[in-house]
Peer 1: 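This structure is in structure tokens; I'll ask about it shortly.
When a ligand or atom number is given, it counts from 1 through the structure's own listing order.
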Amino acid sequence: MQRVDTLVTAEWLVPVDLAGSTHVQHGLVIDRGVIVDVGPTRRLSAEYQPDERVDLPHHVLIPGLVNTHTHAAMTLMRGFADDLPLGVWLKDHIWPTESEWVGPEFVWDGTSLAIAEMLTAGITCFNDMYFFPEVASQAALDMGIRMVAGMICFDVENSYAKSANECIDKGLVLREDLASQDRVTTAFAPHAPYTVSDQPLIRIAELSRALGARVHMHVNETSNEDSDSVATYGLSTLRRLDGLGLLNDRLVAAHMVHLTEDDIAATAAAGSSVVHCPESNLKLASGFCQVDQLLRTGINVALGTDGAASNNDLDLLAEMRVAALLSKAVAKDAASLPAHHALYLATMGGARALGLGDEIGSLEVGKRADITAVSLDDWSSQPLYNPISQLVYTTSRSQVTDVWVDGARRVQRGHLVGIDREALLGRATLWAESIGAPIR
Ligand SMILES: [Zn+2]
């Protein structure tokens, strides 16, 4: 019998592949943070002697969910400005509040709250874009989640940096500081084509090429972006990004709601990834991403919650369901984005977008042990014919019971391990009192 760290067994195991495979009475073996075996519980029990054994008789094991576009610290602005169009919401509410309040303390507390919410919802990795990423990444290191920290870039002076070039310089220092970390890495994160000018975008494109780093950016979120781009630069958004050297397989483009046929063909040819954020798009009335067409064209699509100020939760199970439902309505085809494919977007799609496809996103031997266990003995999960259908169409995040990141158990029976829940909630209350008087 081989000594290993952990054996986790469950009634079902969904490794995540495009065939929608589901295995019954399977488990996986974790040793030193890595999945070293996946197979029938009976065989694993006979072959391994684990230090810890976790049996989950009513559960399905899935890869940890990958939230591929978010602004974690914005949890502190959850619900304070709703039911507004994107331009008004950003310019009259979000940006003024950020300029008054955002600093290291805000980012620490907001990101910590977001990580607590995400881990307990089965999210094991998030791709973040916000000010003070050195603070957010420290919170991720401390709380045990996987993160791609965005090296944020804005033209306009803000509390984090005076200029776009200072943003990039600070980002490069963070990248150097995190060089020895596997679990928290970095990507360039210029906010959007309309908030970052050509010179810093060219610098980012050159650095991205030299370092092999991803570029995470909002692209074509609203219908007026292209006409504004033509008026300002004489080029549509994607043509401009292409000319600046950014349209390539390192681009992680959030939203991509308003695309022409040429844009879709160019994105597919470049190998860029699209992060679909259906709930944020719906709430801000941004439009409808043509997910079905993007997938048919061979584009890798991931899922993101966007920030909690425009969603308003960080719940990727819900995002999967909305994505699957919305794709059918937009494509006028009930067969569009079937459940197993929606699950693929929320796991492997995100992993591939972030360049982590060999490390996370599926339950396979050799990958990091980022695992989510979901209980399926809830009323709404019965009777059960197909666990993947249940996961996408009926499961609530409250059914997530156990979560491992890098083989470490971060959520146990629904509760965060090693995190002071009351202290964290108390900090959120203090921020609500500072930012604006809540309704009582
Ligand atoms: Zn966003």
Peer 1: Among the N/O/S atoms of His218, select the one at the shortest distance from the Zn ion (ligand 1) and name it.
Peer 2: NE2
Peer 1: Can you name the ring-ring contact (aromatic ring centres under 6.0 Å, His included) partners of Tyr344, sequence neighbours left out?
Peer 2: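 With sequence neighbours excluded, Tyr344 shows a ring-ring contact (aromatic ring centres under 6.0 Å, His included) to no residue whatsoever.
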Peer 1: Answer with yes or no whether the side chains of Asn311 and Glu319 bring together a donor and an acceptor at under 3.5 Å.
Peer 2: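 Yes.
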Peer 1: What pairs meet the ring-ring contact (aromatic ring centres under 6.0 Å, His included) rule with one or both residues in residues 210-232, with sequence neighbours excluded?
Peer 2: His69-His216, His69-His218, His71-His218, His191-His218, His218-His255
Peer 1: Is Asp306 close enough to the Zn ion (ligand 1) to have an N, O or S atom under 2.8 Å?
Peer 2: yes
Peer 1: So, His255 and the Zn ion (ligand 1): N/O/S under 2.8 Å, yes or no?
Peer 2: no
Peer 1: For Ser208 and Arg250, test the side chains for any donor-to-acceptor distance below 3.5 angstrom and give the result as yes or no.
Peer 2: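 Side chains of Ser208 and Arg250: pair found under 3.5 Å.
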